[in-house]
Protein chains: 2
Amino acid sequence: MPATRGRRAKRMNGDDREAAILEAAEQLLETHGLHELSIDQIARGAGISRSSFYFYFPSKEAVLLSLMDRVIGQANARRDAALAAAGPDPRNLVRAGITAFYDTFREHRAVALAAAESRITTPEASELWSRVMDSWVAMTAGVIAHQQEVGSLPPSAVSARDLATALNLMNERVLHATFAQDTPSIDESAVVDTLVTIWLAAILGPSPSGPSQDPTTPPERPR
Amino acid sequence: MPATRGRRAKRMNGDDREAAILEAAEQLLETHGLHELSIDQIARGAGISRSSFYFYFPSKEAVLLSLMDRVIGQANARRDAALAAAGPDPRNLVRAGITAFYDTFREHRAVALAAAESRITTPEASELWSRVMDSWVAMTAGVIAHQQEVGSLPPSAVSARDLATALNLMNERVLHATFAQDTPSIDESAVVDTLVTIWLAAILGPSPSGPSQDPTTPPERPR
DNA sequence: CAGAGTATCGACACGGTGTCGATACTGTCA
DNA sequence: TGACAGTATCGACACCGTGTCGATACTCTG
């Protein structure tokens with residue numbers, strides 16, 4: 001990046017600079033964990049000094065919070081669109097929801113990983129993520145309760161809410177492991193299918209393959 | 001704790017002091033996250049100065065690593081005993097394994113939570129935990145593969161290994177959430193049942209409740 | 001072109017880390 | 001018993017990242 005040709009573009013306006021900080025941070029997070037990133041690095045990456053950084057954000061965690069907001073908004077939008085297009089069949093619903101989540105965080109894996117890191121130290125990040133997870137859990141619990149009413153899931157000993165919580169936490173952890181290439185973790189090519197399989201086993205339960213009420217989709221669904 | 005009656009017990013021998021540090025650390029971790037704990041606090045808690053601390057451990061992460069070793073050893077021992085006592089029925093196997101895990105980390109929740117925190121910053125902690133998880137995954141994958149051979153689980157599109165990975169990561173995350181009282185999380189009273197339900201749905205799959213081959217244990221197993 | 005707001009920086013104080021050299025205590029062997 | 005070796009302890013120092021403050025430069029608008 002040569003300094004904007006000829007005359008050096010000295011001052012940036014506040015919004016541009018803020019955007020530059022966000023961009024620099026996300027870019028640096030591709031290669032370094034949040035904890036191994038100093039404010040100085042982010043500031044330099046955005047073309048300002050460390051102390052100028054504080055003019056825009058009170059801490060690096062605040063930067064991440066901004067980044068998280070954007071990504072979460074995208075995830076929710078994508079989910080709502082996907083679910084609307086999926087129709088009522090729980091098989092499609094589940095796959096659509098998981099895919100929306102997967103696609104978004106795959107595109108912004110740096111932010112996703114940093115968010116998990118930040119949650120530990122920053123209450124704000126923790127609360128933001130809690131709200132996100134809660135909305136997914138509530139939605140999932142609705143689907144499960146519906147399956148129980150319709151009769152394809154026997155109202156087991158565990159509550160729909162708890163089941164929904166466990167499944168969503170599984171997604172969170174499994175996708176994190178995949179994106180971080182943890183050991184053990186699941187390959188990107190298989191992760192969605194694996195999650196969908198478990199979700200369907202858990203919420204469609206005992207009914208082996210026979211569709212209980214919606215014959216619009218084939219009972220067997222390989223691939 | 002009054003200073004050992006009358007004459008102050010000045011010097012401790014090295015092993016005692018090391019034990020005191022471990023104890024102080026675990027005790028402090030009950031109420032504070034690892035990141036909000038300074039070496040000075042741990043050292044004072046063990047009755048020495050900060051610089052003396054370095055005589056015993058190179059960092060607070062090293063202390064945690066010691067703590068983790070002990071707890072992990074306990075978890076493995078408990079698991080092996082439980083599995084040996086559980087017999088071949090996968091229903092009992094699954095519940096026994098999950099309960100062993102749950103019980104151990106419940107008794108040492110401070111260490112469990114700190115371990116998760118430390119994994120982010122300390123490669124050693126990350127590797128140690130990876131090895132633990134890998135051994136659980138391998139064991140689980142064995143059970144799943146066996147179920148597939150026996151025929152009660154149709155060899156689905158996803159590999160036994162991936163299934164095992166997802167289920168174990170679910171346990172890790174769900175139990176963490178429970179012990180940390182995250183939002184959302186599952187109450188301690190319900191968490192084992194919830195996990196067992198999902199595991200059985202995933203690895204026993206389509207077969208509703210009929211015992212597949214081992215009639216020595218009752219198919220129903222409440223409490 | 002003056003003044004209000006915007007943007008930037010250097011310098012400082014603070015708190016946590018890790019190292020080093022000095023010193024005190026303890027057991028043991030001559 | 002008393003000197004020496006090893007063990008244990010500490011204070012002082014240098015370092016690094018953070019956050020704040022006051023000074024200054026730039027820019028727009030009247």
Checklist outcome for this item: Residues in residues 26-34 of chain B with a heavy atom under 4.0 Å of DNA chain C, by number, are none

Checklist outcome for this item: Ranking C/dT8, C/dG10, C/dC20 by distance to the side chain of A/F55, first place goes to C/dT8

Item to check | Distance in angstrom units between A/Q41 CD and D/dC16 C1', rounded | outcome: 12 Å

Checklist entry - Between A/T165 (side chain) and B/I186 (backbone), is there a donor-acceptor pair under 3.5 Å? => result no

Next on the checklist: Once ring-ring contact (aromatic ring centres under 6.0 Å, His included) is applied, what residue pairs with a partner in residues 39-60 of chain A remain, sequence neighbours excluded?
Outcome noted: none

Checklist entry - How is A/Y56 classified with respect to the nucleic acid when contacts are heavy atoms under 4.0 Å: base, sugar-phosphate, or nothing? => result sugar-phosphate

Item to check | Under the side-chain contact (heavy atoms from CB on, under 4.5 Å) test, residues paired with B/D16 that sit two or more places apart | outcome: B/M12, B/N13

Checklist entry - Does a nitrogen or oxygen in the side chain of A/S52 sit under 4.0 Å from OP1 or OP2 of C/dT8? => result no

Next on the checklist: Expressed as a whole number of angstroms, how long is the span from A/I39:CD1 to D/dT18:P?
Outcome noted: 5 Å

Checklist entry - Hey, does the side chain of A/K60 come within less than 4.0 Å of D/dG17's phosphate (OP1/OP2), counting only N and O? => result no

Next on the checklist: By the 4.0 Å heavy-atom rule, please label A/S38 as base, sugar-phosphate, or nothing.
Outcome noted: sugar-phosphate

Checklist entry - Which value, rounded to the nearest 0.5 Å, describes the distance between A/I198 atom CD1 and B/I198 atom CD1? => result 8.5 Å

Checklist outcome for this item: Which of B/E188, B/E30, B/E26 passes salt bridge (charged side-chain N to carboxylate O under 4.0 Å, His left out) with B/R109? Answer is B/E188

Checklist entry - Quick one: salt bridge (charged side-chain N to carboxylate O under 4.0 Å, His left out) partners of A/E117, sequence neighbours excluded? => result none

Item to check | Qualifying ring-ring contact (aromatic ring centres under 6.0 Å, His included) pairs, either residue in residues 100-133 of chain B, two or more places apart | outcome: B/F101-B/F105, B/F101-B/W136, B/Y102-B/F179, B/F105-B/W129

Checklist entry - Rounded to whole angstrom units, what separation is found between the CZ atom of B/R17 and the C1' atom of D/dC10? => result 12 Å

Identify all pairs in which a protein N or O lies below 3.5 Å from an N or O of nucleotides 12-14 of chain C, and state each distance.
none

